[in-house]
Amino acid sequence: MKIQTLSALTKKELKKNIRIPGYLFLTLIFPLILTLAFGLAFGSFGTGETTYSIGVVDLDNSDWSDWFKTNLSDSEVMSISSYDDIGTAVSDLQQGRVDAVVIIPTNFGQSCDSFWADPITPSSWYNATVDLYVDEGSLIVSNAIPPLIQQIIMQTLYGEDFSNTPQPIQLGTAEKVDAEHFTQFDFMAPGMFAFAAIFTTMIIAESFTEERATGLLNRIQVTPTTPSEIITSTIFANTLLAIVQVSIIFIMAGIMGFTPKTEFLGFFIAFVLVLLLVICNIGFGLITATIVNSPGAATGVSFIFILPQMFLGTFVPISEDLGRLVPSFYVTDALTSLFLRGAPALSETILIDVLVVSIFCLIVTIIGIILFTRFGKD
Amino acid sequence: MKSNGINVQNLVKKFSSITAVDDLSFTVNAGELFGLLGPNGAGKTTTINILIGLLKPTSGKAVVGGYDVLKDARHLRSIIGVCPQEPAYYTYLTGQENVELFGNLHHMPKNILKNRAQDLIEKIGLGEDAKRKAGDYSGGMIRRISLVMALINDPDIAFLDEPTVAMDPQSRRAVWQFIRDLKTQGKTVILTTHYIEEAEALCDRVGIIDNGKLIALNTPKALLAEHNVENLEEVFIKITGRKIREEV
């Protein structure tokens with residue numbers, strides 16, 4: 001391989017990504033907008049707090065129900081709206097104006113009084129049920145709200161020190177893992193690095209298909225340039241672009257309040273993982289370019305590789321088992337361990353992820369190169 | 001062994017049931033400007049694509065510059081320059097960047113490449129537009145820059161496939177002069193064209209090709225004399241009963 005050839009083709013690729021608006025958007029502007037949009041929607045510019053909007057219908061209007069509502073309001077993660085009737089509250093939930101609705105039953109105060117009248121005889125208590133409606137469309141809300149409400153019911157019944165009430169089973173003292181200030185954006189950020197990289201498939205597929213359709217690949221083939229020089233220069237150029245992409249996402253995520261819990265080696269491993277994913281997607285791009293015959297078709301067909309990686313391997317929590325079929329899953333998993341759990345950069349989990357992504361990268365890239373050089377370049 | 005001539009023996013190229021090149025044999029001498037004349041679809045471009053190593057022949061043999069096109073394509077590519085029928089260029093690069101890119105792909109030394117690129121671009125009349133993106137060029141300018149891209153490596157043998165098709169008269173004259181200069185530099189040139197006047201004005205010898213077969217081969221003057229006609233179009237009509245360029 002000649003350095004002069006590689007350098008010329010790499011520069012040509014970089015100029016393409018900077019001078020053609022569509023490519024510039026996909027490689028550099030898209031990651032910037034993606035991080036900004038998700039940061040604004042799910043982060044809160046570094047405050048780290050997530051607030052859920054709760055509608056409350058008080059059918060009891062007792063001192064106990066007032067105390068329960070005060071405890072809900074005092075919670076830093078909930079903002080309370082009062083409703084006079086259940087129908088209006090549920091209607092607002094259906095329209096997305098509140099995340100959940102809590103119904104305080106008519107016998108709420110009576111139940112609390114009966115408990116304190118004879119705390120050790122359950123048969124003497126009046127039982128009451130606090131009904132809860134949550135937004136089924138939000139996995140985070142439907143998982144987070146019920147335990148929070150349960151905790152506040154306990155706090156209302158037992159008082160501030162309810163956790164000190166003698167119980168046969170106690171929760172051990174929590175090890176501090178400093179996870180109490182995570183926002184939804186924090187959980188999404190690791191997936192965003194993979195998210196931006198997987199669009200390399202589309203860029204490569206379009207690029208090679210267009211060069212073939214316009215006769216440029218043939219023209220290059222009648223110079224001393226070899227197919228391996230063409231593909232290596234593409235990998236070089238996209239590796240450089242991936243470094244810029246990752247840097248943009250790091251900077252934007254930092255502005256949005258995301259603070260990775262890792263050090264230099266962790267950042268280095270993160271870069272390596274994203275680069276491996278980019279190379280893997282160059283392989284997918286070559287496979288796509290082999291099976292289609294126009295740039296327009298390349299755009300559409302590339303989604304065969306993009307969508308599974310996007311939905312199974314980034315920040316969209318569909319299925320962990322299916323996720324294991326795509327390389328982006330392992331990148332996101334490793335980045336989550338590094339950035340959120342503070343896992344050591346050379347821990348077994350991280351190294352296994354790096355190994356699996358490397359194997360994916362090797363296999364897909366080799367298949368892509370073989371297919372394209374045999375069937376795709378003419 | 002390297003020489004600047006071309007030797008084609010019993011070349012055949014079939015695409016499924018269609019025979020695009022049918023038992024073609026001819027020789028081009030070193031330093032000769034050889035024209036392949038024929039109507040669209042005659043097999044000119046297929047022949048060129050075999051000679052530059054892009055297509056494998058079904059049978060037959062071709063040696064270009066002393067290199068067998070099948071066995072030694074790598075060396076072949078270092079001595080040829082190819083101007084394709086459809087100009088292939090990067091729209092997002094400037095004219096000069098396109099030319100320099102192909103110089104780099106031919107491993108030209110940087111300083112020589114820079115000077116030669118500027119000289120050729122000036123000579124073909126694109127000096128003022130060299131820094132503009134090629135995507136903004138007119139059709140004639142694109143064909144001219146495509147020709148410079150083909151010749152930037154100072155090739156021993158140049159393949160020019162319909163270099164002036166759909167060109168305005170001014171651009172065509174510039175390209176003709178450019179091609180004449182190649183001949184004075186001792187380059188071997190294969191020029192495919194369906195323009196009679198182009199073949200008559202430029203070529204030392206002309207091979208007339210129709211349905212993949214070579215139907216006549218000689219100097220333009222000898223062909224006219226042999227068939228007792230005024231121009232090469234009439235030669236073609238006399239042999240095939242058809243015009244080279246059918247009226248639309």
Side-chain angles (χ1 to χ4, degrees), chain A residues 1-28 203 206-234 236-237 241 293-295 373-378, chain B residues 45 48-56 64 67 69 72-94 97-110 112-113 133-136 142 145-147 149-153 155 157-159 161:
Chain A
M1 277 197 237
K2 291 268 186 185
I3 299 290
Q4 187 178 2
T5 302
L6 290 177
S7 165
L9 289 174
T10 303
K11 279 183 194 165
K12 181 263 293 176
E13 278 294 303
L14 291 173
K15 283 175 183 169
K16 176 185 72 186
N17 281 280
I18 291 164
R19 293 182 183 173
I20 297 180
Y23 288 125
L24 179 68
F25 176 81
L26 266 182
T27 47
L28 301 180
I203 293 170
E206 283 181 1
S207 173
F208 274 96
T209 317
E210 186 161 0
E211 290 203 6
R212 186 179 55 210
T214 54
L216 275 161
L217 270 184
N218 272 349
R219 190 156 199 175
I220 290 176
Q221 282 183 78
V222 293
T223 71
T225 309
T226 61
S228 59
E229 284 172 330
I230 296 172
I231 290 168
T232 305
S233 64
T234 304
F236 279 173
L241 289 167
N293 54 16
S294 73
T373 49
R374 282 203 185 166
F375 308 109
K377 61 188 170 67
D378 299 321
Chain B
T45 299
I48 293 283
N49 283 342
I50 293 170
L51 296 183
I52 62 178
L54 273 182
L55 276 179
K56 284 185 182 170
V64 174
Y67 299 118
V69 296
D72 213 351
R74 200 172 152 209
H75 285 110
L76 168 69
R77 285 169 190 156
S78 65
I79 61 157
I80 61 171
V82 180
C83 183
Q85 187 173 354
E86 288 299 323
Y89 61 101
Y90 291 99
T91 53
Y92 53 87
L93 296 182
T94 66
E97 285 170 341
N98 268 294
V99 173
E100 288 180 359
L101 170 64
F102 277 82
N104 279 312
L105 298 185
H106 279 285
H107 314 142
M108 291 178 72
K110 289 276 176 194
I112 294 174
L113 169 59
K133 277 190 195 169
D136 297 332
I142 286 165
I145 206 70
S146 178
L147 184 61
M149 287 161 70
L151 301 174
I152 184 63
N153 60 320
I157 302 171
F159 292 89
D161 193 359

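Quick note on labels: first sequence line is chain A, next is B, and so on, each numbered from 1. Remember, predicted model here, so these are calculated numbers, not experimental data.
- Heavy atoms closer than 4.5 Å to chain A are found in both the backbone and the side chain of B/A150.
- In this structure, A/T234 contributes its side chain and A/I230 its backbone to a donor-acceptor pair below 3.5 Å.
- For B/E100, no part lies near chain A; criterion is any non-hydrogen pair under 4.5 Å.
- Listed options B/N49, B/I52, B/L54, B/L76 were ranked by heavy-atom pairs under 4.5 angstrom with chain A; first place goes to B/L54.
- For A/I18, no part lies under 4.5 angstrom from a heavy atom of chain B.
- Each of A/L9, A/L6, A/V222, A/T225 has some count of heavy-atom pairs under 4.5 Å with chain B, and the biggest count is that of A/V222.
- Checked against side chain to side chain donor-acceptor pair (under 3.5 Å), A/S207 has the following partners two or more places apart in sequence or in another chain: A/K16.
- Between the side chain of B/N153 and the main chain of B/I79, no donor-acceptor pair closer than 3.5 Å is present.
- Looking only at distances, a side-chain donor or acceptor of A/E229 sits under 3.5 Å from a matching main-chain atom of A/K2.
- With a 4.5 angstrom heavy-atom cutoff, B/Y89 touches chain A only via backbone atoms.
- When the ring-ring contact (aromatic ring centres under 6.0 Å, His included) test is applied to A/F236, no partner is found at least two apart in sequence or on another chain.
- Shortest non-hydrogen contact noted between B/A158 and B/L151 is CB-CD2, 3.7 Å.
- Looking at A/E210, neither its backbone nor its side chain comes within 4.5 Å of chain B, counting heavy atoms on both sides.
- In this structure, chain B has heavy atoms under 4.5 Å from both the backbone and the side chain of A/L216.
- Here B/N104 is the residue among B/T91, B/N104, B/V82 with the most heavy-atom pairs under 4.5 Å with chain A.
- A/K11 NZ: 12 or fewer foreign heavy atoms inside a 6.0 Å radius.
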